[in-house]
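Please read the structure below before turning to the comments.
We count residues from 1, following the sequence as given.
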Amino acid sequence: MTITAGAPPTHSTPAALARGFLTGGVVGTSLAALVVGGIIEKVPLFVAGLVVPTVYGLLLFLAGAPRRQREAAVVPRTALAMIESLKAIGGESSDVPVRFDLTVVPDDEPAYRVEITQDINLVDLPDYRPRGILVVQYPQDRPWRVRIVKRPTPEWEERAAGARLDSVPGPATVSEPPEGCAFGLVGLLGLLLGAAVVIGLFRADLFDGEATARPPSSSKPSVSSSSSSTSSSSSTSSTTVVSSASGTVALGPGRSMLDKGELRQAVDSLTEDKGEGEDNGESKGEYKGGDRSGGKRSALTVVVQERLLSVVFSPTGTQALQFDPRSLPYERFPALVEEARTTLGIRSPQTWQITAERLTGSLTIRVGVTGAEGTASLEADGQGNVVRRTPVG
């Protein structure tokens, strides 16, 4: 018998490629939403990562219902088949999955080989043996979906009992056509694009922790980055680093910048200019110009977080608006943070930050808080009196 194998249908149709791209996009979006939602602790985003693939799977199922109904309405083709080999592949119940290698011989088409797996009852398993003749059925347009007919009609049972079939060589094996490289590529592209969209939309929240850990300098007057002298000290409870351009104080675990006297002490450790002697008693307050001659250093920006104080110093000779960091009402800071945490619509505050600057002429103290609801802030004047509130949303 001469066997001719037709070209298998391709899955790289426009509809299949679009479905692959959309599936990849949903997978990438849901995975990114789960990861990003967990990192930034945004519950709605995390829940969306679980809901989106569920809804997409349901839509795919509903969209495929008409196709499944059409396939079920098609009368399957019946043919004889010969068992080339069989192997039980597991199972502890009464039905054992068995992998069959069959030669299928249709009445009016070339014979072909196919591998299938079908559950067989343990009681009936001895009836299946190599070279045995079976009655099978399969959809006409999908010959690889062969199913063994366990109770054929008397006519086919009689044909199977008297049939003698020849084996078909392995190259004539029929299997479900692969998806193809194009399908995999568009799926990967959709996955990457979906993940990138989620990360792009929430990049501000993702990198907010890293951005707030540094003093905001992009909108401030330029400060010389060269450092003429640097001193540092560290202990088990705090670390202080001072240079000609900036200074930071980092507290150890269990301490807070809002503790009584902590901020004042940290500011003094940064602003004291060891090379110019002690304070001459000059009055505190806002002023414009270079470093004070009394041995204290002026600032452009002061940023306070839970355990971190950062000061951007004013370079010598600069004409930018600046202020004496010792003049800030540090005793009012705990109350300002508490008011921002409890009155601006943030139910579960996660982080807070105080920024003091003089960009608009008068000294402004801005307190910002972040939580699951977003970001809110309030502004106070140089004496710590609240002048503006910006609730969340």
Check your understanding: With a 3.5 Å cut-off and no angle check, do the side chains of Ser167 and Glu84 form a donor-acceptor pair?
Key -> yes

Check your understanding: Does a donor on one side chain sit under 3.5 Å from an acceptor on the other, for Glu306 and Trp352?
Key -> yes

Point to revise | Check: Gln350/Thr370 side-chain N/O donor and acceptor closer than 3.5 Å | key: no

**Study point:** N/O donor-acceptor pair under 3.5 Å between Asp268 side chain and Gln265 backbone
**Key:** no

Exercise for review: Compare all side-chain heavy atoms of Ile148 with those of Ile116 and state whether any distance is below 4.5 angstrom.
Suggested key: yes

Review point. Between Ser314 and Phe323, is any pair of side-chain heavy atoms under 4.5 Å apart?
Key: no

**Study point:** Gln140, CD: over 12 other non-hydrogen atoms inside 6.0 angstrom
**Key:** no

Study note, to complete from the structure: Rounding to 0.5 Å, atoms CD (Glu357) and OG (Ser362) come to a distance of 10.5 Å

Check your understanding: Given side chains that start at C-beta, do those of Leu134 and Leu80 come closer than 4.5 Å, heavy atoms only?
Key -> no

Check your understanding: Applying the 4.5 Å side-chain criterion to the ILVMFWY set and letting contacts propagate, would Met82 and Val135 be lumped into a single cluster?
Key -> yes

Check your understanding: Hey, are the side chains of Arg129 and Ile83 touching, using non-hydrogen atoms and a 4.5 Å cut-off?
Key -> no

**Study point:** Asp381 side chain reached by Thr364 side chain, heavy atoms, under 4.5 Å
**Key:** no

Review point. For the residue pair Phe313 and Val311, what are the closest heavy atoms and their distance?
Key: CE2-CG1, 3.5 Å

Point to revise | Exercise: do Tyr112 and Thr103 side chains pair donor with acceptor under 3.5 Å | key: no

Exercise for review: Can you see which heavy atom on Ala266 is nearest to which on Leu309, and at what distance?
Suggested key: CB-CD2, 3.6 Å

Review point. Below 4.5 Å, heavy atoms only, C-beta onward: do Arg389 and Glu339 meet side chain to side chain?
Key: yes

Review point. So, Arg358 and Asp324, do they make that salt bridge, N to O below 4.0 Å?
Key: no

Review point. Is it true that Val386 and Leu328 fall in one hydrophobic cluster, defined by side-chain heavy atoms closer than 4.5 Å?
Key: yes

Check your understanding: Side chains of Pro53 and Ser30: does their closest heavy-atom pair fall under 4.5 Å?
Key -> yes

Practice item. Flag the pair Ile120 / Lys150 as yes when at least one side-chain heavy-atom distance between them is below 4.5 Å, and no otherwise. Key: yes

